[in-house]
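Take a look at the structure below.
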Amino acid sequence: GDSVTQMQGQVTLSEDDFLFINCTYSTTWYPTLFWYVQYPGEGPQLLLKVTTANNKGISRGFEATYDKGTTSFHLQKASVQESDSAVYYCVLGDTNAYKVIFGKGTHLHVLP
Amino acid sequence: ETAVFQTPNYHVTQVGNEVSFNCKQTLGHDTMYWYKQDSKKLLKIMFSYNNKQLIVNETVPRRFSPQSSDKAHLNLRIKSVEPEDSAVYLCASSRLGGQNTLYFGAGTRLSVL
């Protein structure tokens, strides 16, 4: 069946470090891909959305590229800040809303 | 700017009680959802509902039921809570279709003693 894999459950960095969160997906079609971010005490919110039409998403200094060849959608940021500490979810979307699949989430801790 | 409102923020109750959580969205969306988030932050969809169709995740126990008065409101009732129901319940809305962005509320944290 369809799936999303985030291998890194927890990432700890210092301010100004480079961030890379690995995400791979498995499906038989070309889905819409999302990254959501959840700050403490809040619900998840959209960080990036990428479709097959545009391939790359950039928002708030974060970047993710839709790679159909390797079925990956990694999240990157050149220089993290303490305020980026949150849980990041890679999400596979489908025209059928019930088939939206959330990855397990990556807890990012950025030390001052 | 919050557009999906959930009440209460927290609820503590005892095993066997009935609880009800409220959710309202002001975005004009036609589809609403309930998700369960466990202590490890795993998110699982429980229900998807628009004014035409309710879809229930087959793994959801029957003591859970969604209740909707109109497309802007989707409440969640738990008939007789169990300890494993302790979690954060997140309400979300979107335009119809999983390719559209989900907008979440801040969640209701349930603790079952």
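Sequence lines set the chain letters: A, B, ... in the order given, protein chains first and strands last, and positions in each chain run from 1.
Salt-bridge check for A:Lys77 with A:Asp84: passed, with a basic side-chain N closer than 4.0 Å to an acidic carboxylate O. With respect to B:Glu18 and B:Arg77, a salt bridge is recorded, a charged nitrogen being found less than 4.0 Å from a carboxylate O.
Listed options B:Lys40, B:Gln6, B:Gln37 were ranked by heavy-atom pairs under 4.5 angstrom with chain A; first place goes to B:Gln37. Of the listed residues (A:Gly9, A:Gly103, A:Pro44), the one with the most heavy-atom contacts under 4.5 Å to chain B is A:Pro44. With respect to chain A, the highest number of heavy-atom pairs below 4.5 Å among B:Asn100, B:Leu43, B:Asn9 belongs to B:Leu43. Ranked by heavy-atom pairs under 4.5 Å with chain B, the first of A:Thr51, A:Leu92, A:Leu46 is A:Leu46.
Within the 4.5 angstrom heavy-atom criterion, only side-chain atoms of A:Lys49, from C-beta onward, approach chain B.
Residues A:Tyr88 and A:Phe62 place their aromatic rings such that the two centres sit under 6.0 Å apart. For B:Phe64 and B:Phe47, the distance between ring centers is not under 6.0 angstrom.
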A:Phe73 and A:Phe34: CA distance, side-chain angles, deciding distance, ring-ring contact (aromatic ring centres under 6.0 Å, His included) verdict: CA-CA 9 Å; A:Phe73 189 52; A:Phe34 304 81; 8.6 Å; no
Intermediate values then yes/no, side-chain hydrogen bond (donor to acceptor under 3.5 Å, both in side chains), B:Ser94 and B:Tyr33: CA-CA 9 Å; B:Ser94 75; B:Tyr33 314 81; 2.7 Å; yes
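Scanning for ring-ring contact (aromatic ring centres under 6.0 Å, His included) contacts around A:Tyr39 gives an empty result, with sequence neighbours left out.
Within residues 10-21 of chain A, no residue has any heavy atom closer than 4.5 Å to a heavy atom of chain B.
Because its NZ or CZ atom is both nearer than 6.0 Å to the ring centre of A:Tyr66 and within 45° of the ring axis, A:Lys68 counts as a cation-pi partner of that residue.
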